[in-house]
Every structure is written in structure tokens, then in C-alpha cells.
Amino acid sequence: MTADLAFRRSAYALVLTAMATLGAAEVFGPSPTGAPPVVAAFLLVVVAPLATVSAWRRAGGLSRAAVNVLSLACLPVAAADWFFLSGDLLLALAHLLFLVQVARLQQRKSARDWFQLFAVSLMHMVVAVVTSVDLWIAAPLAVYLTLGVATLMLWHFRVEAEMAPPGEGEFIHRAGFLRPRTAGAMAATAVAVLLFTAAFFVVMPRFAGAGLGFLRRDHAALTGFSGRVELGDVVALSRSEAPALWVAPEPGMAQPLYMRGMALPTYRRENGGTGAWVWSGGQEAGGGSPVAAATVTVVNPSEEDGSTFDLPRRRLEADQTHALREMQVLRMPHAATAALFSVGEPARFRFSGVAPRALRMDRAGNLTVSGARVAESSLDYRVTARVPEVPDEVLASRAAVAPPGEGGAGLYLEVPDALRNDRRWRDLARDLAAGARTAHERVTRVKGWLQRSCEYSLAVRPTPGVEPVTDFVFNTRRGYCEYFAAAMVLLLRLEFIPARLATGYAGGEWNSMSERLLFRQSHAHAWVEVPFAGVGWVTFDPTPETSAPVASDIPLLARVADWLAYRWNAYVVQFSAGTQEEMVSAGRRWAASALDRWQATWADLRAGFGGRGGRANTFAGLTRPAAVALAALAAGVVAWAVWRRRVRFFGARAGQAGGKAVAVPFYRALLHLLRREGLQPTEGETAREFAGRAAAPLGPERATAALVLTLAYERVRFGRAVLSPADRAEVERGLGVVGRRSGRERENRFTSR
């Protein structure tokens, strides 16, 4: 294969990889507008392959002026894309880069034009990495880096060929230029670049935020966990299988887990539309935190490390009715909310990596992070919470009383006037409570009636003009979790039992490999919480048991994929300055532990040789020192062997092997060149005799160069000399002169290295 053919193949593969990655990042990633990525799919499936094939087969190409005109014509297309198609500035700019690259592929390309293509492809990869945090992006990124190294090396040969004098740049068009040795060098360089990139990623500081995400409009992706939740918001999440939470629960915790994101007290039907759960007044604070009577507590981090938040008036100890539980939570950007998810009554949050500036806690205990950028990024935190763990017998002896400081019982007893004045609601609530002696019994009756009498279904068709929850209870008897939870809250409140609707994730998929629960968007759920005296809020789920959340196990291949995805998000996407500090701290602890072990080993050694403790103690004291000494001896032997076998281009190997001299590498390159001329030394002929015999066939100039190389070889081989920089330059020039006849000067310069 010629160098020119290899370069063109590698360059087109590099450009196509970047374009394909950019298109796939949009096609398979979450759409900020919720619309299908039609533009990206068309560019990925149709435009990119056709443009690459056309550029490959085109003999000439368009002029630079024509390509510039086409590139300018892409600007109005990008504007139309932004305002009417994608609706997102970052994606519109990505599509513009895509189209500009397609136009430049059709150009007659010089070395500078190729370099501009590489620069645009690098921008493609940057945008793709910014818009996608999924595990698959690692594969095309590694391919791109490998192709990039090979392409730039071959591009260097092309630049040298263009700058060479007439007739001397044809070496890149000769077959056999790329040999196994050259390919091996390129592969080794690519591996070195990948390793350097990984080290650079770990060492350099990382910053919070979404990078180029500031170009995006503030689209509200599927949420359901804010200060306003309409009927249908939570179930809309079930259409997405994107991961939302990874949770490592403490062993022994009751299953299924109900990871609460928001708890809302007020039900409204505004302007005759669908029902919605809001805070009083329906106001919301920045970041999606609900506000009740403008009462929000700002929780600042502790002064010790800046990543630990202790919530006020929250205890960190267990009692007879509560267990203290800890769990590790990795919240993904797909959750699209500022809410922090937890079970029970969270008391402490400790963040790893990206940490918010502050937490906001409203009167219901809803917690949100401060700062839009932090809310949109992934969060890794350990939460400590007090979880109610009491049997039904204990709850049967407790009254249903709203906790103090959360707006009073009246906030959790509100019922819209239209429902309170509806006789059907009052009669049903009274019938379900008839004969019940305790609040817990009335709660379980309402829950059981809903599970028996109503059917779970996602195909809900509300009756026009009818209040949706009323339609669910008295007409259709078909609905999803929000309908069941809303109906239960309203029926309990009509019997003066405080209750609220909670939204979050429930059930999950258990991965025995990573020992974590994966909550997808499809695990979004709504349930009911009722407060009991001395216990706090207790979870009740009125959704029928056939559709209730269950922590299901997943197949083997899915477990492996989930395990890889978690590692990617936890250790790559979530990698930050905080993670770096943890790594440094872990290194310091390891160094301190190693020093302690060495000091103990030295103490054992001194005690063993000191004769204290007898022969047994002497051998015991020598065990660890002997292992250390053997390891040091082995390392020394390996280092000596490497030093003995080191090879330098301008110096001989140290010593001899079996009394036979080992050839100097640059002299071996000279012999290789002369062998192509049909000249090679005979048995018993010295280097200088061979140079004299080859003088006539080579001609004066090349013979002089061969003699200079021979003399340098004798100084290195027999005088054990190391050539100076001037001598090395002379050797390079000599090799170039000897190889000039066959036009292989630059090939030999590369091969000899």
C-alpha cells in the first residue's frame, strides 16, 4: 500500500467517524425538545455516507471559492434549523458544522485543507461528547483518537512530499512504503496517545457543568418532580428507559424502595383543565423548589469539607420506630430535576465530586439543589435518613397527625370546594370509614377499595368537561398511579385524615453484580404518605398489586451492561475535582500505611537479629524483610538486563554477545541501502574494505557519504563512542545521499529510526 492511499483512507475514516458520532449522539441521546431527531437521522444515514463516497471517488473536486460559497449557504439553513426544526442552538450549530464538513469534503484538497478537515472533525467530536454522557461514546472516541494519530503521521509524510524538490516527493506514491515496522510504530504511538489521554483526564482539573450546554435553551424535559405535577406528568416518564438513579441500599432495607423526589399537598383544577398537585398559591422558586408561604430554609455545607450538608432539626440516631439507614445515590441528568431523592426523613447528605453551593428545604422537607448547572448535571451523594420501620399493630395505636412546622393540619386537609360539595365523594368517604376504629384502619380500607375496585391502565381517556379524579372514581374506574394516589388522598382528607401525594421512583431493577438498584424513567411513580404521631410520614401505595412497583432482577447480559454503564457514569462522567481530591487523599493514606508497614518490618528485623525472643522470633522477623530483599533483587536484575540491552540509533549496544559484535543500527540501515544496489560485504571483508570496493559503483558523492558512515560506525563499534549532535546530523545527511538514487531518502530516514 502506498502512503498516499493509506493517508486518504485514514483521513476519510477519521472524518466519517466524527460525523457518525455527532449524528449518533443526537439520534440516541435525549432530545431537549422532545421531538424526534429527524435532521440528525437524515444527516447520519444519508448525507454523511454519500458525501464521503463522493469525495473518495471524485478525481478533481470543487474549487476553494465554490466550497466557500456552499459553506455560506449553510448559514440560513442552520438558522431555519434552529428556529423551526431542532429548536436548539447547540444542535443547530452541530448541524452547521456537519454541512460545512460535507462541503469541504468535495474540495480539491492541499495539505492545509486536509488539516482544516481534521480540525472540523475534532469539533464534531467535542460537540458529540458534550451532548452525550452515555457509555457508548467511549468506543467511537477511542477509534477517533487511534485514527487521528495514524492520520496525522501520514499527513506529515504528505506535507514533506509537497515541500520536497521536484521529483523527490514521489516516495509517498510507491508501493511498499508502509511496512510492518512502520505500522507497528504507528500502533505504538496510538497506544501511547490513548494512555496519555487517560492520564491527562485524571490529572487535569475537572469542572462542574455541561460544557457547551450554556448554548441550549432552557427546555423542560420530562420531569414530574417539581412544584407542580399535573395528572399524567409522572406516567409520561414511563415512555423512557433512560437511567435516572443508581441506588446502593443498606443491607436489610425493606423492598421495594420508594425514592421520594417531591411531596405536594394541594390539589387544584385550574381553568377547567386537568388536575394538578401544587403548593398553596401554585408558586415555584428557582430550580423547581416549591414555596409555601415563602418559607424556604437554605442549608449551607459544613465548614469542614464543603460537601456535607446536615439538615436542621433532623436527628441522626435510631429509635423504637425508626431505623437509621444509609444509601449511595447516583442521580443522572436524565432525571431532569433539581430534586434530591431519598427515603424516609433524610438528615445528612455527603456529595462526591460535584457538590451544590447550598440546598433548599421547604416546609414539607422537599430538598432541591441550588444552581441550574448543578441541577442539570449528575450528582453522586450518600444520604443518611431515618426510615419508619414499625408494624401495623403500632400504627393502629397512633393518631394521624400532621408533623408540626409543615403548615399545620389544615394544609393537608384541603379539598377543592367542587369535590367537597359533591355528595358522591362525601358518601363514599363515609361508607369506607364506617366502623373503622383507628386512623390506620380507615387508611387501609381506602387503599384496599381502590386496589379492588379500580383497574390500572395507561390508556386513559378523560370525559370532556368532567373533573378528572371524579371521572376516575365514579365513571371509568381506570387510571394510572397518579389517579389512584390522588383519589386516596382526597378520600382520606374528607374523613379528616391528613395526607399528601408523593412522586419519585419506586421498584427498580436489582443488579447482583454491582449490588445496586437501577431506577429508569419508566420507574417513575406516585403514592400516598400519611403522618402518624411519633412516627412521621408513612408510605401507602394504592396502585393495584398487579401493577405495584417490584424490585425485579435482570438477565446476565443486562447486568453486565448495567455494571459497565454505572462505572462509566460514576468514574468518568462524574469525575471531578472532588474525585481528584479523594484520589490524592487515598494515595496519601496508602503511603502512610506503607510507611507504617515498613517501620514495623524494620522493627521485626532488628528484633530478630538482636536475639530477643529466640530462634522462632528470629525467623519470624526475617520473613517480611527477606521478601522485600528478594523483590528488590529481582527489580535490580530486570533493570540491569534492560540497561545491558538498550539500543540507541547512534551508539552500539553495551558489551558483546558471545564475543560477536552486534551491528550499530545506522550502519545496518546503510547496508540495507547498499543491498538494494546489489552491494553487500563478503565473508571476512572489513567495513572499510567493503566501502572501498563499493566506491566505484556508487560514484564520488555517494561513495564519500558511505565512507563517512563507515568511519562513524568504526568509532561507535570499536571505540565505544557516542556521536555528538553534529556527527548525528552528518550521519543523517549521509544516509540521505546514499539513498538518493532510488528516491528513498525520506523512507530510509524514517525506517532507520
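Computed from heavy atoms alone, side chains included, the values below leave out hydrogens, waters and symmetry copies.
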Worksheet item: Is it the case that S121 and Y144 place a side-chain donor and acceptor less than 3.5 Å from each other?
Response: yes
When rounded to the nearest 0.5 Å, the distance separating NE2 of H525 from CZ of F484 is 10.0 Å
So CZ of R500 and CG of L492: to nearest 0.5 Å the spacing works out to 14.0 Å
Q) Under 4.5 Å between any side-chain heavy atoms of V298 and L359, yes or no? A) no
What one should report as the nearest heavy-atom pair of R331 and A339 is NH1-O, 3.1 Å
Rounding to 0.5 Å, atoms CE (M327) and CG (L517) come to a distance of 9.0 Å
Are F341 and Y505 close enough that their ring centers fall under 6.0 Å? yes
Checklist entry - Hey, mind stepping through D362 and T297 against side-chain contact (heavy atoms from CB on, under 4.5 Å) and telling me if it holds? => result CA-CA 6 Å; D362 59 34; T297 301; over 6 Å; no
- Message: Can you classify the ring geometry of Y267 versus W277 as parallel (below 30°), tilted (30 to 60°) or perpendicular (above 60°)?
- Response: tilted
Can you check side-chain contact (heavy atoms from CB on, under 4.5 Å) on V329 and W246, steps first, answer last? CA-CA 6 Å; V329 180; W246 270 284; over 6 Å; no
Nearest heavy-atom approach of P312 to V299 is CD-CG2, 3.9 Å
| said: Do the side chains of E529 and R260 get close enough for a salt bridge, i.e. N-O under 4.0 angstrom? | reply: yes
Across all chains, not counting sequence neighbours, the ring pair (Phe, Tyr, Trp, His ring centres under 6.0 Å) partners of F309 are F351
Review point. Would a 4.5 Å heavy-atom cut-off, applied to side chains only, mark T503 and L264 as touching?
Key: no
When rounded to the nearest 0.5 Å, the distance separating CG of L501 from OG1 of T266 is 11.0 Å
### Message
Using modelled atom types and a 3.5 Å cut-off, is there a donor and acceptor pairing between side-chain atoms of E250 and backbone atoms of E326?
### Response
yes
Practice prompt. With the side chain counted from C-beta on, respond yes when R325 and E389 share a heavy-atom pair under 4.5 Å apart, and no when they do not.
Written response: yes
Is it the case that the side chain of H523 and the backbone of R520 share a donor-acceptor pair, with hydrogens and angles ignored and the cut-off at 3.5 Å?
yes
Strictly distance-based, threshold 3.5 Å: is any side-chain N or O of N366 a donor or acceptor partner for the main-chain N or O of A263? yes
Closest non-hydrogen contact found for A487 with F472 is CB-CE2, 4.0 Å
Item to check | More than 12 heavy atoms from other groups under 6.0 Å of CE on M253 | outcome: yes
Hits for side-chain contact (heavy atoms from CB on, under 4.5 Å) against E515, two or more places apart or cross-chain, chain-then-number order -> W510
Taking every heavy atom of T368 against every heavy atom of M262, the minimum-distance pair comes out as CG2-CE, 3.4 Å
Please evaluate residues M259 and V343 with respect to the criterion side-chain contact (heavy atoms from CB on, under 4.5 Å), reporting the C-alpha separation (whole Å), side-chain torsions for both, the decisive distance (0.1 Å), and the verdict. CA-CA 5 Å; M259 301 293 296; V343 296; 3.7 Å; yes
Requested in this report: Please test V530 against V538 for side-chain contact (heavy atoms from CB on, under 4.5 Å), starting from the C-alpha separation and ending with a verdict.
Outcome: CA-CA 5 Å; V530 179; V538 178; 5.6 Å; no
Report yes if the side chains of L245 and L330 come closer than 4.5 Å at any heavy-atom pair, otherwise no. no
Any non-hydrogen side-chain atom of F349 less than 4.5 Å from a side-chain atom of T308? no
CG (D392) and NE2 (H440) are apart, to the nearest 0.5 Å, by 4.0 Å
Heavy atoms, side chains only, cut-off 4.5 Å: are S457 and Y480 in contact? no
Are the side chains of L257 and P249 in contact, using a 4.5 Å heavy-atom criterion? yes
Sorted by chain and residue number, the side chain to side chain donor-acceptor pair (under 3.5 Å) partners of S342 (sequence neighbours excluded) come out as none
dist R382:CZ -> S352:OG (nearest 0.5 Å) comes out at 8.0 Å
- Sub-3.5 Å donor-acceptor pair from the side chain of Q451 to the main-chain atoms of D541, do we have one? yes
| So, for Y258 and W527, is the gap between ring centers shorter than 6.0 Å? | yes
State, with a plain yes or no, whether a side-chain heavy atom of P243 is found less than 4.5 Å away from one of L518.
yes
In terms of heavy-atom contacts, P346 and L367 come closest through CG-CD1, 3.8 Å
- Message: So that I can tick it off, tell me whether R386 and E317 are bridged by a salt bridge, with the cut-off set at under 4.0 angstrom between side-chain N and carboxylate O.
- Response: no
For P140 and T21 the tightest heavy-atom approach is CB-OG1, 3.3 Å
